[in-house]
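In what follows, a structure is listed as structure tokens, so that the remarks can point back to it.
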Amino acid sequence: MEPKIRIDNIQVVYPGRGRTGPVEAVGGVSLDVADGELVCVVGPSGCGKTTLLRVLADLEQPTSGQITLRRDNPARPLKATVFQGGGIFPWMTVEQNVAYGLQLQGVSPAQRIATARHWIGEIGLERFAHAYPTQLSGGMQQRVGLARAFAFDAEVLLMDEPFGALDAQTRLLLQQTLLQQWERSSKTVMFVTHSIEEALTLGDRVCVMSARPGRLLHEVQVPFARPRDAVALRTDARFSALFAEIWGVLRTEVDRARADEVGA
Ligand SMILES: Nc1ncnc2c1ncn2[C@@H]1O[C@H](COP(=O)(O)OP(=O)(O)O)[C@@H](O)[C@H]1O
Ligand SMILES: [Mg+2]
């Protein structure tokens, strides 16, 4: 079976600005993602994770290489993105935010509201359906971003550190929400995170990127059965073994990225 996402030798070089020369952010990444697979990408800060996801989302043109996203259902949107902070509109209520993508798809107003209410219920924000984002905590705003992506019901979900700014408890709860929703759907997900724990909790597979220019260095198949419980996994001996394996690779890259930052 053809992969759902094919990333074929993607390289991204940002042109230099002023005194700085060009920056090679992504240095030739190839990766196939199967239909319905949840792949997590971890890597040190500045290694090109966001850039790679932006290429997949069509927000950035690669310098070379090719991306193929296979469309299977012409009636559904192909991809949806969730970025850090939720990316929700401050001038819209929770309900309007969640319904927004459906409007773009030409769904009738009544159906939009019904679908939005369903997803608002799923993320436990019924009481806030008519509130504005500024009235919500960061964690609640992030839940709205998730609900909007699920309501949009795209075939491919591209997520860039969506839980990065949250406190540890909220993060665990949202990981659990994502697991439940994903396990019920047939979506293909690319999930970027700097957290090894998060990658192991969510992913079928974890891909480790090198320091900039980002390349794929290592890959781990995550053996935990589904449905998964984000909390129970932490006490599984395989979890700590895989954590150590990934950290073993990542550590050198984090050191390299930091040396690069201070100009060593
Ligand atoms: N628009 C841009 N112009 C120039 N350099 C950029 C731009 N966006 C990102 N970069 C640089 O590219 C590298 C990779 O950035 P990014 O993809 O955001 O990494 P990550 O998400 O892994 O932290 C960094 O060194 C960053 O400073
Ligand atoms: Mg990033």
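In what follows, residues are counted from 1 in the order of the sequence shown. Computed from heavy atoms alone, side chains included, the values below leave out hydrogens, waters and symmetry copies. Both counts, for ligands and for their atoms, begin at 1 and track the order of listing. The shown structure was predicted, so the numbers you read here are calculated from the model rather than taken from an experiment.
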Legend entry - atom 16 (P) of ligand 1 within contact range, any protein heavy atom under 4.0 Å: yes
Legend entry - Sub-4.0 Å protein heavy atom next to atom 26 (C) of ligand 1: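 Under the 4.0 Å cut-off, atom 26 (C) of ligand 1 has no protein heavy-atom neighbours at all.
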Legend entry - Atoms of ligand 1 close to Ala25 [distance to a heavy atom under 4.0 angstrom, numbered from 1]: 12 (O), 13 (C), 14 (C)
Inset, instruction - For Thr50, counting its heavy atoms only, list the atoms of ligand 1 lying under 4.0 Å from any of them. - result: 17 (O), 18 (O), 20 (P), 21 (O)
Inset, instruction - Select one of side chain, backbone, both or neither to describe which atoms of Met209 lie under 4.0 Å from any atom of ligand 1, heavy atoms only. - result: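 Looking at Met209 and ligand 1, no heavy atom falls under 4.0 Å.
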Legend entry - ligand 1 contact on Arg17 by region, counting heavy-atom pairs under 4.0 Å: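 Under 4.0 Å from ligand 1, Arg17 contributes side-chain atoms alone.
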Inset, instruction - Let me know which of Leu38, Asp153, Val156 forms a side-chain contact (heavy atoms from CB on, under 4.5 Å) with Lys187. - result: Asp153
Inset, instruction - Check the surroundings of atom CD in Gln105: do more than 12 heavy atoms from other residues, nucleotides or ligands lie under 6.0 Å from it? - result: yes
Legend entry - 4.5 Å side-chain heavy-atom contact, Arg226 and Leu179: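 Yes, at least one pair of side-chain atoms sits under 4.5 Å.
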For [atom], closest protein heavy-atom neighbour:
atom                    : value
atom 23 (O) of ligand 1 : Gly46 N, 2.7 Å
atom 19 (O) of ligand 1 : Gly48 N, 3.1 Å
atom 9 (C) of ligand 1  : Tyr14 CE1, 3.3 Å

Inset, instruction - Work out which heavy atom in Lys49 is nearest to a heavy atom in Gly43; give both atom names and the distance. - result: NZ-O, 3.1 Å
Inset, instruction - Using only heavy-atom distances, determine whether the side chains of Gln11 and Thr63 contain a donor-acceptor pair under 3.5 Å. - result: no
Inset, instruction - Mind telling me whether Tyr100 and Phe89 have parallel, tilted or perpendicular rings, with 30° and 60° as the class edges? - result: perpendicular
Inset, instruction - Decide yes or no on salt bridge (charged side-chain N to carboxylate O under 4.0 Å, His left out) for Asp160 and Arg54, but give the supporting numbers first. - result: CA-CA 9 Å; Asp160 188 14; Arg54 285 177 56 84; over 6 Å; no
Inset, instruction - Using a cut-off of strictly less than 2.8 Å, determine whether Thr51 has an N/O/S atom near the Mg ion (ligand 2). - result: no
